[in-house]
Protein chains: 2
Amino acid sequence: MLKEERQQTILSEVELHNRILLTDIAETLDVSIDTIRRDVKELDLNKKLRKVHGGAISLGFTTNSARNQNIYAVDQKRVIAQKAAAMLKDGAVVFIDGGTTCLELAQLIPENLDLTCFTISLAVAMELSNKPNVTVIMIGGQIAKESQIAIGANTIHNLAEIRVDFSFIGTGYVDAMFGLTEFDWDIVQIKKAVIKASKKTVLLSISEKLNSQHRYKTCDINTINTMITELDPNNDLLSAFKNNDIKIL
Amino acid sequence: MLKEERQQTILSEVELHNRILLTDIAETLDVSIDTIRRDVKELDLNKKLRKVHGGAISLGFTTNSARNQNIYAVDQKRVIAQKAAAMLKDGAVVFIDGGTTCLELAQLIPENLDLTCFTISLAVAMELSNKPNVTVIMIGGQIAKESQIAIGANTIHNLAEIRVDFSFIGTGYVDAMFGLTEFDWDIVQIKKAVIKASKKTVLLSISEKLNSQHRYKTCDINTINTMITELDPNNDLLSAFKNNDIKIL
DNA sequence: ATGTAAAATGCAAAAAACAGCAAGATAAAT
DNA sequence: ATTTATCTTGCTGTTTTTTGCATTTTACAT
């Protein structure tokens with residue numbers, strides 16, 4: 001029996017049953033277990049299947065069930081979150097927005113830091129409630145399904161009654177000329193209320209969003225006090241923002 | 001059975017039911033509890049699920065919730081939740097409390113049901129936001145770390161401004177004589193506000209809590225309109241409650 | 001505080017993987 | 001035809017992985 005032929009048989013067996021045992025195949029094809037081992041190793045190398053201890057598994061079988069809830073550009077967002085976390089001091093009163101970058105920030109808050117955090121995001125609130133020294137206040141309101149943040153009149157009303165040292169916000173789009181913009185009108189209202197409630201506003205945005213714009217405007221770029229991207233502050237991409245009165249980290 | 005195969009099975013079980021018990025899985029797959037323990041440990045390490053005492057929970061369910069670690073008496077709680085879910089009609093405006101039983105209820109709400117749900121629980125809010133036809137309103141306030149629910153004056157203030165058809169509440173302790181009691185003063189204040197805001201109050205409680213009491217009183221037993229346990233309504237344990245004007249399910 | 005369930009730990013047997021070697025087959029070059 | 005190099009295959013002994021069991025430690029609920 002040819003090697004090629006044998007490997008083809010192995011493959012179709014894997015496709016058929018989603019998984020195989022090396023011992024089974026060795027017996028069926030009447031060759032030594034080592035040969036099968038080597039075949040499977042090769043097929044694995046060629047990404048035709050996945051070799052596991054004692055057998056092999058079809059690629060399709062493995063990928064579908066594992067629901068990858070991977071966040072886009074996690075690494076960049078983590079860098080941003082680290083820079084932002086460095087701004088936090090004991091006793092500060094801050095607001096943390098929804099969005100994956102802000103969630104990273106919430107995760108990166110040191111255990112020993114004494115903070116009061118307001119948020120409109122269910123996920124951020126949950127994350128923060130794991131930090132023993134952080135007082136978490138969830139701003140209520142109707143929950144937007146996709147983003148799991150509180151929106152609407154009631155939320156804005158509640159936001160009007162607070163005053164924080166820093167707010168860390170994200171944005172859909174940001175441009176040196178057009179400022180911060182969003183796809184969604186409701187979100188803009190929320191962000192406006194947040195900015196109004198903050199002494200200083202810190203924008204967290206991955207560089208990919210720079211020089212992009214959309215329909216509804218949140219604020220001018222110089223409303224932002226500090227802007228954090230994953231880039232080095234001296235990066236050329238950020239030069240357009242330097243004319244303004246913005247601190248870039 | 002291959003190890004990988006087994007782990008895939010564990011994962012899909014977790015995704016399906018949001019939570020599993022190690023002993024159940026061990027029996028189903030016919031391997032020792034140690035093996036399952038090691039598998040789950042490994043999957044946890046690989047961030048595929050979250051290992052908790054006695055079982056595992058899905059990551060997608062809720063990232064980090066102290067409440068969800070408690071998978072105590074899930075089956076009973078699911079029975080209760082099913083009975084409660086049967087009470088829900090299209091167009092209803094309801095309040096759903098925190099606590100595992102209420103969380104079960106939130107999960108069991110049918111996809112096609114049109115509802116407006118108020119809640120003080122982050123986990124319930126998250127769960128409900130997966131239901132396309134449910135309008136979710138999170139009542140804001142300071143978040144209690146252990147239970148991840150909003151508490152405090154602001155929450156009570158917000159509760160004072162709503163009026164719901166039904167509220168589904170849990171309780172720490174319940175007794176036919178002493179009524180509903182709690183270990184925690186703040187929680188009592190919240191529950192009082194909830195009851196005040198409801199036309200009808202539905203108590204969800206596992207039978208284990210019957211005939212138990214604690215320091216602070218929420219309300220008398222006849223303040224409750226409907227009481228749901230996992231038991232058959234004719235069970236002897238419930239006879240003490242039948243004298244009152246309570247519907248028992 | 002207490003009893004029970006779960007987790008961690010160490011251990012041993014079995015299975016599988018691995019590395020290295022030698023026999024046989026194949027193909028190309030001399 | 002012989003040699004040489006390469007590839008394939010099976011075998012051997014060793015190492016690693018996996019698994020279940022017994023025991024201790026820890027965590028949990030009451």
Side-chain angles (χ1 to χ4, degrees), chain A residues 1-10 14 19-46 49-57, chain B residues 1-10 14 19-46 49-57 65-77 99-101 145-147 170-175 178 181-184 205-215 229-230 237:
Chain A
M1 168 164 263
L2 295 172
K3 180 180 153 194
E4 188 67 23
E5 195 181 348
R6 207 175 46 231
Q7 294 197 355
Q8 207 56 51
T9 311
I10 295 174
V14 168
R19 67 107 211 245
I20 52 160
L21 302 178
L22 298 194
T23 48
D24 283 359
I25 288 285
E27 195 172 349
T28 311
L29 300 183
D30 197 31
V31 288
S32 83
I33 186 78
D34 300 74
T35 303
I36 298 296
R37 219 188 295 287
R38 278 184 276 243
D39 281 339
V40 168
K41 201 176 197 171
E42 200 177 324
L43 289 168
D44 180 281
L45 227 62
N46 296 339
L49 48 70
R50 198 156 71 86
K51 185 183 181 313
V52 298
H53 193 93
I57 289 184
Chain B
M1 167 164 256
L2 295 170
K3 178 183 150 195
E4 292 290 327
E5 201 181 348
R6 207 176 46 231
Q7 295 195 354
Q8 290 286 345
T9 310
I10 295 174
V14 168
R19 42 159 68 107
I20 53 162
L21 298 176
L22 299 194
T23 48
D24 283 359
I25 289 284
E27 195 172 347
T28 312
L29 299 182
D30 196 31
V31 289
S32 82
I33 185 78
D34 301 73
T35 303
I36 298 296
R37 218 188 292 287
R38 278 183 277 241
D39 280 339
V40 168
K41 198 178 195 174
E42 197 178 325
L43 290 168
D44 180 289
L45 225 64
N46 297 337
L49 48 70
R50 176 125 174 280
K51 185 180 182 315
V52 296
H53 195 89
I57 58 178
S65 164
R67 278 273 167 150
N68 292 325
Q69 294 187 23
N70 176 15
I71 54 172
Y72 179 68
V74 203
D75 294 339
Q76 295 156 47
K77 287 173 180 176
T100 43
T101 312
K145 293 196 180 303
E146 343 69 59
S147 49
T171 186
Y173 308 85
V174 56
D175 186 281
F178 298 91
T181 47
E182 297 285 341
F183 175 79
D184 191 325
S205 173
I206 57 174
S207 62
E208 208 169 292
K209 288 183 177 172
L210 297 178
N211 305 316
S212 68
Q213 55 206 273
H214 218 280
R215 205 171 320 167
T229 73
E230 84 280 10
L237 273 170

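Hydrogens, waters and symmetry mates are skipped; everything else that's a heavy atom, side chains included, is used.
- Considering all non-hydrogen atoms of both residues, M1(B) and R6(B) come closest at SD-CG, 3.9 Å.
- The distance from atom NZ of K41(B) to atom P of dA7(C) is 10 Å, rounded to the nearest whole Å.
- Every side-chain hydrogen bond (donor to acceptor under 3.5 Å, both in side chains) that K3(A) has, sequence neighbours left out, goes to E42(A).
- For L2(A) and dA25(C), the CG to P distance is 15 Å, given to the nearest whole Å.
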Collect all protein-nucleotide pairs involving nucleotides 15-18 of chain D in which both atoms are nitrogen or oxygen and the distance is under 3.5 Å.
residue : atom : partner : partner atom : Å
dT18(D) : OP1  : K3(B)   : NZ           : 2.8

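- No donor-acceptor distance shorter than 3.5 angstrom exists from the side chain of E230(B) to the backbone of I206(B), with no hydrogens or angles considered.
- Across all strands, K51(A) comes closer than 4.0 Å only to sugar-phosphate atoms, never to a base (heavy-atom distances).
- Contacts of T23(B) classified as side-chain hydrogen bond (donor to acceptor under 3.5 Å, both in side chains), with partners at least two apart in sequence or in another chain: none.
- When the C1' atom of dA16(C) is taken as reference, atom CE of M1(B) falls 18 Å away, rounded to whole Å.
- Taking atom CD1 of residue I36(B) and atom C1' of nucleotide dA5(C), one finds them 17 Å apart after rounding to whole Å.
- Applying the salt bridge (charged side-chain N to carboxylate O under 4.0 Å, His left out) rule to R38(B) yields no partners; only residues at least two apart in sequence or on another chain are considered.
- In this structure, E4(A) atom CD and dT8(D) atom P are separated by 10 Å, rounded to whole Å.
- Spacing between atom CD1 of I33(A) and atom P of dT12(D) amounts to 15 Å, rounded to whole angstrom units.
- Smallest separation of non-hydrogen atoms from I57(A) and E5(B): CD1-N, 4.0 Å.
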**Q.** R50(A) vs E4(B), salt bridge (Lys or Arg N to Asp or Glu O under 4.0 Å): CA-CA, chis, key distance, verdict
**A.** CA-CA 10 Å; R50(A) 198 156 71 86; E4(B) 292 290 327; 3.1 Å; yes
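- As a whole-Å value, the separation of R38(B) CZ from dA6(C) P is 17 Å.
- Summarising the geometry, the separation between CG on D44(B) and P on dA7(C) is reported as 11 Å, rounded to the nearest angstrom.
- The ring-ring contact (aromatic ring centres under 6.0 Å, His included) search around H53(A) returns none, not counting sequence neighbours.
- Between V52(A) and D34(B), it is D34(B) whose nearest contact on DNA chain C lies nearer the 5' terminus.
- Of all heavy-atom pairs spanning V14(A) and A56(A), the tightest one is CG2-CB, 4.4 Å.
- For the contact set between residues 22-32 of chain A and DNA chain D, defined by any heavy atom under 4.0 Å, the members are V31(A), S32(A).
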